[in-house]
Structures are given as C-alpha cells and as structure tokens.
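Counting starts at 1 for both ligands and their atoms, in listed order.
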Amino acid sequence: MHCFNHQKTSAVCACGVCLKGLCKECMQPADDKFVCSLTCAQLLQKITRLNNYAMSVYGINKSGGPQKVGMRTAMLHFALGITFIGFGAYSAVHFGDWGLTCFASAVGLIFVVQAYKTYKRGLRL
Ligand SMILES: [Zn+2]
Ligand SMILES: [Zn+2]
C-alpha cells in the first residue's frame with residue numbers, strides 16, 4: 001500500500017477513519033490511532049464518544065468484558081437462594097414443619113433462578 005498523498009512512498013499506517021494509506025510524513029496521531037486529516041481526527045473523536053456511550057449502555061467496560069456488578073449480584077442472589085433452601089431442609093429435619101420448608105424452598109428457588117438469569121445476561125453482553 002502506498003501513501004494516499006505521495007504515490008511513490010510506501011505507507012506505514014492507514015487512517016483509522018477513512019483507511020487511506022499514510023506515510024511517516026502524513027500520519028497524524030489521534031487517540032490510539034493515526035488519521036490523515038483534521039476532518040478525520042474530529043470524526044474519530046465523535047466515533048469514540050459514541051462508542052463509549054454505547055458501551056456504557058450495554059454495560060461493557062473498556063476491556064470488553066461483561067460488567068462485574070452484574071456477576072456480583074448473581075452470586076449474591078445465588079448464595080441467598082442456597083441459604084433459603086438450606087433453611088428449608090433444616091426446618092424439615094429439625095422442626096418437621098413442611099409448610100415452612102415449602103415456603104423457604106420456593107423463595108430460595110426464585111433467588112437461584114434470578115441469579116441464573118442475571119448470570120446468563122452478563123455472559124451475553
Ligand atoms: Zn482519513
Ligand atoms: Zn504521505
């Protein structure tokens with residue numbers, strides 16, 4: 001690939017916006033890329049801002065992984081669910097109270113299902 005402005009000079013990089021080939025003389029640093037002109041530099045700024053906004057909407061951080069907060073919530077709900085189910089089993093064995101067991105197990109199950117849903121959603125993002 002040759003420089004867009006200098007047909008005889010080979011390009012060392014390409015504009016991060018319009019993908020024109022650029023030689024050492026023509027390349028201009030902008031953010032973590034190189035651009036060919038001020039117009040492209042401004043465009044790149046706009047794109048970066050838009051993308052950052054979109055990533056924040058979808059809960060994606062800069063490293064590209066799912067947000068840790070969602071995972072933490074899932075773990076918390078899962079632990080709560082297990083505690084409720086455990087309490088239900090405990091009350092069945094020690095008190096013989098099956099009404100309480102059913103109630104605790106149902107609540108525990110809801111928490112576990114909720115945790116699973118949150119976890120799946122975290123993975124998809
Ligand atoms: Zn350009
Ligand atoms: Zn050039």
Side-chain angles (χ1 to χ4, degrees):
M1 183 152 76
H2 287 98
C3 174
F4 181 78
N5 301 313
H6 310 93
Q7 298 298 328
K8 293 208 170 72
T9 317
S10 55
V12 290
C13 67
C15 172
V17 178
C18 65
L19 305 178
K20 276 175 198 159
L22 300 168
C23 71
K24 269 186 200 154
E25 249 178 86
C26 300
M27 61 198 247
Q28 291 171 39
D31 282 340
D32 55 346
K33 294 183 176 71
F34 289 102
V35 292
C36 66
S37 62
L38 191 66
T39 317
C40 277
Q42 286 169 343
L43 216 61
L44 180 66
Q45 241 173 28
K46 270 187 205 164
I47 294 167
T48 307
R49 214 167 28 232
L50 266 175
N51 283 353
N52 282 345
Y53 173 72
M55 284 200 284
S56 74
V57 166
Y58 280 91
I60 301 166
N61 56 27
K62 274 266 177 188
S63 64
Q67 227 173 22
K68 293 229 165 62
V69 181
M71 287 299 182
R72 219 177 302 153
T73 311
M75 293 310 278
L76 191 74
H77 279 173
F78 187 71
L80 262 169
I82 294 298
T83 308
F84 265 107
I85 292 170
F87 176 72
Y90 180 86
S91 70
V93 173
H94 290 270
F95 311 132
D97 187 345
W98 287 96
L100 193 63
T101 302
C102 283
F103 174 73
S105 301
V107 173
L109 213 64
I110 289 167
F111 269 115
V112 170
V113 168
Q114 201 60 42
Y116 182 69
K117 276 186 191 165
T118 310
Y119 178 70
K120 286 292 268 189
R121 198 166 57 221
L123 282 186
R124 219 175 328 132
L125 284 173

Looking at [atom1] of [X] and [atom2] of [Y], how far apart are the two atoms once the value is rounded to the nearest 0.5 Å?
X: Phe78; Y: Tyr116; atom1: CZ; atom2: OH; result: 11.5 Å
X: Phe34; Y: Cys40; atom1: CZ; atom2: SG; result: 14.5 Å
X: His6; Y: Leu22; atom1: NE2; atom2: CG; result: 10.5 Å
X: Leu76; Y: Thr118; atom1: CG; atom2: OG1; result: 10.5 Å
X: Thr101; Y: Ile85; atom1: OG1; atom2: CD1; result: 12.0 Å

Practice task
Side-chain contact test, heavy atoms from C-beta onward, threshold under 4.5 Å: evaluate it for Leu100 versus Phe87 and give yes or no.
Solution key: yes
Problem - More than 12 heavy atoms of other groups within 6.0 Å of Phe95 CZ - result: yes
Handout entry: Met75 atom CE: more than 12 heavy-atom contacts under 6.0 Å
Key = no
Exercise for the section: Could you please give the number of protein N/O/S atoms within less than 2.8 Å of the Zn ion (ligand 1)? Expected result: 4
Fill in the blank from the handout: Within a strict 2.8 Å cut-off of the Zn ion (ligand 2), protein N/O/S atoms tallied 4
Problem - Given Cys15, Cys13, Cys36, Cys3, the one that forms side-chain contact (heavy atoms from CB on, under 4.5 Å) with Met27 - result: Cys13
